[in-house]
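A note on names: the letters A, B, ... follow the listed sequences, proteins ahead of strands, and every chain is numbered from 1.
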Protein chains: 2
Amino acid sequence: MSSSQPRDRGIPEATVARLPLYLRALHGMAERGVATVSSEDLAAAAGVNSAKLRKDLSHLGSYGTRGVGYDVEYLVYQISRELGLTQDWAVAIVGVGNLGRALANYGGFVSRGFRVAALVDADPEVVGDTIAGLNVEHIDELEAVIKRRGVSIVVLAIPAAAAQEVCDRVVAVGVTSILNFAPVVLSVPETVDVRKVDLSIELQILAFHEQRKAGGPLMAVDSQ
Amino acid sequence: MSSSQPRDRGIPEATVARLPLYLRALHGMAERGVATVSSEDLAAAAGVNSAKLRKDLSHLGSYGTRGVGYDVEYLVYQISRELGLTQDWAVAIVGVGNLGRALANYGGFVSRGFRVAALVDADPEVVGDTIAGLNVEHIDELEAVIKRRGVSIVVLAIPAAAAQEVCDRVVAVGVTSILNFAPVVLSVPETVDVRKVDLSIELQILAFHEQRKAGGPLMAVDSQ
DNA sequence: AGCCCTTTGTGAACCGATGCACAAAGTCAG
DNA sequence: CTGACTTTGTGCATCGGTTCACAAAGGGCT
């Protein structure tokens, strides 16, 4: 391996979004004791086509062996490192309604280098409760908690009306990565990354396609 | 406008994915009594740029007025119709853990033409409970419930290990739209639409970018 | 009615992502 | 050591989506 790989710079966004998928498939294989996997098989397990998978992996470097495939363990490590999962990320969840609880208990985080380091809520009724082994703290303590625990990623699982205000507060104390479940467009400085998950949007997209299948208003004959 | 609009056929997937966003912004405006909105303002409210918004809307038809903008009510109706939200969709949620409960209680569904028509779970402990006004039914009743309630969209909020089996069963009784929260790639006939939401994937993508900002392993100097 | 101003709708250039198809690189058997 | 076989990594064509920039369309003022 030469000293100047084109490795790091400019991994396409579309590729980044798929790496976690590959990682998941690889973890499954590692557990089942698979040592080596071809692009064909891994692609199938991840639900993509093999050319795409190979191109994606080629952006990280040349980690396969022609004629053989990829070493599962090694690839897990490389992808993890690329995604930054070899370090430990402290996550704070703001809002411990049903969604916040679901997230706090979600095993998929811990196993990927994410550590739920704090739970925060505004409701005095739940402040002080223990959820998933963590004490729920009051929203007034938000800034202090983030600093004290070294939180770098904040998850917003709160009502839309409160989201922008909380967002502003966490940005003000230096958080630059936010996962937003509230159905609002957050306005943030461009140095801050916001990813959003809107549960109802996914359903609406399904409804659109379902309507087509069922024969929409004009019952378009679908050639496909 | 002639009798053959290019309206229905071939709305780009990327556009479909944004329509719910516009719809949300428009609902907010309607509530605040705004009668008319320009592409510039609506785009800002939805968090996209105005050229994209205009092109998206142009795929549905010519619903704006030059020099004025779009009538909010009318546009709400047109987008709703296009997405199929003018009809009532019966949704079944399988799995009433924290996530399932969060979904069952989520107000964003009801207000968009979705009706949670059934809750199903395998745990005898929760079967029979009432959640969000609905009786939780046993997974053995899955097929019967789907038929009886006319369910056309199924949400899977169950552990990964159970997902494929439940998926096969709902597909077998004719469901063709599935929203999957389990971290597995479901295999389905190509007539079935599956959308997936993986909470940990979003965090991993954030971690990737966060790592860059913080200065990754090689502290690449980002020109941007 | 005529003119000016605003804003839409869209042609065209651009950009990134996808998929094909194959040469390069490696393994393994004999 | 050689040759057949497998599978990666990638150049290239293609496609879908984004953005620019402007002509066309309408409103409203005088």
Side-chain angles (χ1 to χ4, degrees), chain A residues 1-2 4-7 9-19 21-22 25-26 29 34-72 74-75 78-79 82 205 208-209 223-224, chain B residues 1-2 5-7 9-19 21-22 25-26 29 34-72 74-75 78-79 82 205 209 223-224:
Chain A
M1 184 193 296
S2 97
S4 71
Q5 320 102 305
R7 211 203 68 229
R9 182 46 41 80
I11 294 185
E13 200 48 40
T15 294
V16 173
R18 279 187 298 264
L19 290 179
L21 229 56
Y22 305 152
L26 286 165
M29 290 173 174
V34 178
T36 271
V37 66
S38 70
S39 64
E40 201 68 52
D41 291 352
L42 179 53
V48 304
N49 84 37
S50 67
K52 185 150 48 183
L53 177 123
R54 286 198 301 278
K55 185 151 293 193
D56 282 343
L57 294 185
S58 78
H59 285 115
L60 318 192
S62 224
Y63 297 138
T65 306
R66 297 177 192 226
V68 177
Y70 301 89
D71 182 276
V72 173
Y74 187 55
L75 198 49
Q78 290 299 344
I79 295 179
E82 198 62 55
I205 297 172
F208 172 82
H209 293 295
S223 58
Q224 193 244 17
Chain B
M1 185 192 293
S2 89
Q5 320 103 302
R7 210 203 70 229
R9 180 46 41 81
I11 294 184
E13 199 50 38
T15 295
V16 173
R18 280 187 296 264
L19 290 180
L21 228 57
Y22 305 152
L26 286 165
M29 290 174 174
V34 178
T36 271
V37 66
S38 70
S39 63
E40 201 69 51
D41 292 352
L42 180 52
V48 303
N49 84 38
S50 67
K52 184 147 54 181
L53 177 121
R54 287 199 300 277
K55 183 146 291 190
D56 282 343
L57 294 185
S58 78
H59 286 115
L60 320 191
S62 225
Y63 297 139
T65 306
R66 296 175 192 229
V68 176
Y70 301 89
D71 181 277
V72 173
Y74 187 56
L75 197 50
Q78 291 298 344
I79 295 180
E82 198 63 53
I205 297 172
H209 292 294
S223 57
Q224 193 245 13

- line: In this structure, CD of A:Glu82 is separated from CG of A:Leu19 (nearest 0.5 Å) by 7.5 Å
query: What residues form a side chain to side chain contact (heavy atoms under 4.5 Å, CB included) with B:Ala43, not counting sequence neighbours?
result: B:Val48, B:Ser50, B:Leu53
task: Please list all pairs passing the salt bridge (Lys or Arg N to Asp or Glu O under 4.0 Å) test where one or both residues lie in residues 40-54 of chain A, with sequence neighbours left out.
output: none
task: With sequence neighbours excluded, tell me which residues meet side chain to side chain contact (heavy atoms under 4.5 Å, CB included) with A:Ala44.
output: none
- request: At the 4.0 Å heavy-atom cut-off to chain A, mark where contacts on DNA chain C begin and end, going 5' to 3'.
  value: C:dA17 to C:dT27
Residue from A:Leu75, A:Val34, A:Thr36 passing side-chain contact (heavy atoms from CB on, under 4.5 Å) with A:Met29: A:Val34
query: Taking all non-hydrogen atoms of both residues, which atom of B:Lys55 and which atom of B:His59 are closest, and how far apart?
result: O-ND1, 3.0 Å
query: Just wondering, do A:Val37 and A:Leu26 contact through their side chains at under 4.5 Å, heavy atoms?
result: yes
task: To the nearest Å, give me how far apart CG (A:Leu53) and C1' (D:dT10) are.
output: 14 Å
Contact list for DNA chain C against residues 44-52 of chain A - heavy-atom distance below 4.0 Å: A:Asn49, A:Ala51, A:Lys52
- prompt: At what distance, to the nearest 0.5 angstrom, does CD of B:Gln78 lie from CG of B:Leu57?
  reply: 10.5 Å
Do any N or O atoms of the protein come closer than 3.5 Å to N or O atoms of nucleotides 2-7 of chain D, and which pairs are they?
residue	atom	partner	partner atom	Å
D:dT7	O4'	A:Gly67	N	3.0

message: Under 4.0 Å, counting only non-hydrogen atoms across every strand here, what does B:Glu13 touch: a base, just sugar-phosphate, or nothing?
response: sugar-phosphate
message: Suppose we call a contact any N or O donor and acceptor under 3.5 Å apart; does that hold for the side chain of B:Lys55 and the base of D:dT19?
response: yes
message: For the aromatic rings, using the six-membered ring if either is Trp, is the centroid distance between B:Tyr63 and B:Tyr70 under 6.0 Å?
response: no
task: Whole angstrom is fine here: how far is it from NE2 in A:His59 over to P in D:dT10?
output: 9 Å
Matching residue for A:Asp56 among A:Val16, A:Ile79, A:Thr15 - test: side-chain contact (heavy atoms from CB on, under 4.5 Å): A:Thr15
